[in-house]
Structure formats: C-alpha cells, structure tokens
Amino acid sequence: MSDERRTAWEDVTAWPLVASAVVFLGAYAWPILDPSLSSGWVAVCATVAGLVWLLFAVDFLVRLALAEQRGRFVRDNLVDLASVILPLLRPLQLLRLVRALRILDRKLGESLHGRVGYYLVAASSLAVVIASLAVLDAEREAPGANITSIGDAVWWAFTTMTTVGYGDQYPVTTVGRCIAVGLMLFGVGLLGSVTASLASLLLERVAEEDEADRTATRRDLEELTRETATLTAEIQRLHRRLDERGPG
C-alpha cells in the first residue's frame, strides 16, 4: 500500500520536478555564461537554485517516508540522495538534472530499444551540458587555465566524453580534473551501452527470424499432416470398396 502511495506521489510530481530541474539549469548556467552579471541577479539565481534544492529535498524525504523498504529505496536512489545532501559542492548540484532524466525515463518510451535510444541521446546531451558548465565554472578564473569560454568547455566535453582527447583543452584545477575523470568514465560506459544495445538488437532480430522460420516449418508440417491424413482416409475408403466387391 505504501509503495502504491509513493508511485502515486511520483506520478503527480514528475513533470513539476522536470520543470524545476530546467529552471535550476537556467539559474545555474546564467552566471557562468555571463560573468558580467550583476550581483543582484547572481543572488536571484542562487535563491532560485536554493529553492529547487529544497523542492528536491522535500520530494526525496516524502518518497523515503512512503517507501516500504527504506534501505532498499536509498540504495536504488543514491544519485537523488547525493543531489540533496551535497548542495554545497557546486558541480554536484547538476545531479538534479540526472533526477529529471530518471523521471523522463518513467514517462517516455515503453520498448527496450526505444528507451535505450532515448537514454543514449538524452544522457550524452546531458553529460555534455553538465560537464561543460561545471568545468567552465571551475576553470575560468584559475591561473594558467585554457578553458575560459563556453565554446572551449563544450569542445573539451565532446572530446573527453568520446575518449578522443586532443589535448588542446584540458583542466588545470583539481575540481576540473575530477569532472574530467567522471566524464571519461561516462564516455567508456556510453560506448559499452551502445555496443550492448546493438548486440541485443541483433540477437533479437535473429531470434525473430528463427521464430518466423519455426512458425513456417510448423505450418508446413501441419499442412503435410492434413494431406497425409486425407490421403490415408482415401486409401482406406478404396480398400473398403475393393473388399465389398470381393475377389472378382
């Protein structure tokens, strides 16, 4: 009963939380993309980000209270927990966008391959956005930094996520390097996901063709059985007629 109430709560709050995550992204990104933004607007953005954090914290606590197995709920929602209990680490605030991705996963796409395709596009796009903003926020004011614009940050994120790593852009701060490690691990995992998805698709197609062949074979056997039965009945009828006529 409790899990049913939690599911009902998640259904009601899903889209508001997605909208809140988008608002948070704007509030987080604006001061980074516009370093000349006035202190008043920076304070407004910080307030909006704080309100979104509070909203996600309340949502997590309500879902935890409604969960039947709370320990399991926490283990299954570690990303959500991290986005709530680590609000002071600025790059980790973007984990709230991952929460929005998880919500969209429940709402969009029912088929396995549809969901995999959605994940590949959404997760890779989200990773580029998160990594670009986070590394630019960490690197821009650092001595000797070479990632000083959003263009540099996006280019660095793409080359790092794809594990190409040209080396023309690279982080020099500890925070930036931690972001790079996370993005490289994500890129390797993404490549594995693509490979696994293609392998699964091929196996499914082969299985479908095998099933179609087996269906056709069964249909042919059934037809052959019917024809054999008809022929057997006809032979038996002819034998009976011959028996009735006698030796002559």
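Note that this is a predicted model, so its numbers are computed, not measured.
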Nearest-0.5 Å distance, [atom1] of residue [X] to [atom2] of residue [Y]:
X    : Y    : atom1 : atom2 : result
L224 : T228 : CG    : OG1   : 4.0 Å
T225 : R218 : OG1   : CZ    : 13.0 Å
D11  : T13  : CG    : OG1   : 8.0 Å
F24  : C45  : CZ    : SG    : 11.0 Å
L81  : F60  : CG    : CZ    : 4.5 Å
L133 : L33  : CG    : CG    : 6.0 Å

Could you go step by step and tell me if I130 and Y28 meet the side-chain contact (heavy atoms from CB on, under 4.5 Å) rule? CA-CA 10 Å; I130 290 176; Y28 179 90; over 6 Å; no
On a heavy-atom basis, which atom in [X] and which in [Y] lie closest, and how many Å separate them?
X    : Y    : result
V154 : S132 : CA-OG, 3.4 Å
F56  : A21  : CZ-CB, 4.2 Å
Q169 : N146 : OE1-O, 2.6 Å
L183 : A131 : CD2-CB, 3.7 Å
I147 : P171 : CD1-N, 4.0 Å
A145 : T148 : O-CG2, 3.9 Å

Using the rule that Ile, Leu, Val, Met, Phe, Trp and Tyr join whenever any side-chain heavy atoms are under 4.5 Å apart, tell me whether [X] and [Y] fall into a single cluster.
X    : Y    : result
L54  : L64  : yes
M161 : L185 : no
L136 : M184 : no
W30  : V42  : yes
V175 : Y170 : no

Are side-chain N/O atoms of D168 and W155 paired as donor and acceptor at under 3.5 Å?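 Yes, because at least one side-chain N or O of D168 sits under 3.5 Å from a partner of the opposite role on W155.
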If we ignore angles and hydrogens, is there a donor and acceptor under 3.5 Å between the side chains of D59 and W9?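 Side chains of D59 and W9: pair found under 3.5 Å.
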Checking [X] side chain against [Y] main chain: does a donor-acceptor pair fall under 3.5 Å?
X    : Y    : answer
T160 : A157 : no
R75  : R70  : no
E139 : V172 : yes

Are D152 and S149 close enough that some pair of their side-chain heavy atoms sits under 4.5 Å apart?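 The answer is yes; the side chains approach within 4.5 Å.
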Please lay out, stage by stage, how F73 and E68 fare under the test side-chain contact (heavy atoms from CB on, under 4.5 Å). CA-CA 8 Å; F73 173 82; E68 288 184 356; over 6 Å; no
Do Y166 and F158 have their ring centres less than 6.0 Å from each other?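 Here the rings of F158 and Y166 have centres that are no less than 6.0 Å from each other.
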E223 atom CD, over 12 foreign heavy atoms within 6.0 Å: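 Counting other residues, nucleotides and ligands, CD of E223 exceeds 12 neighbours.
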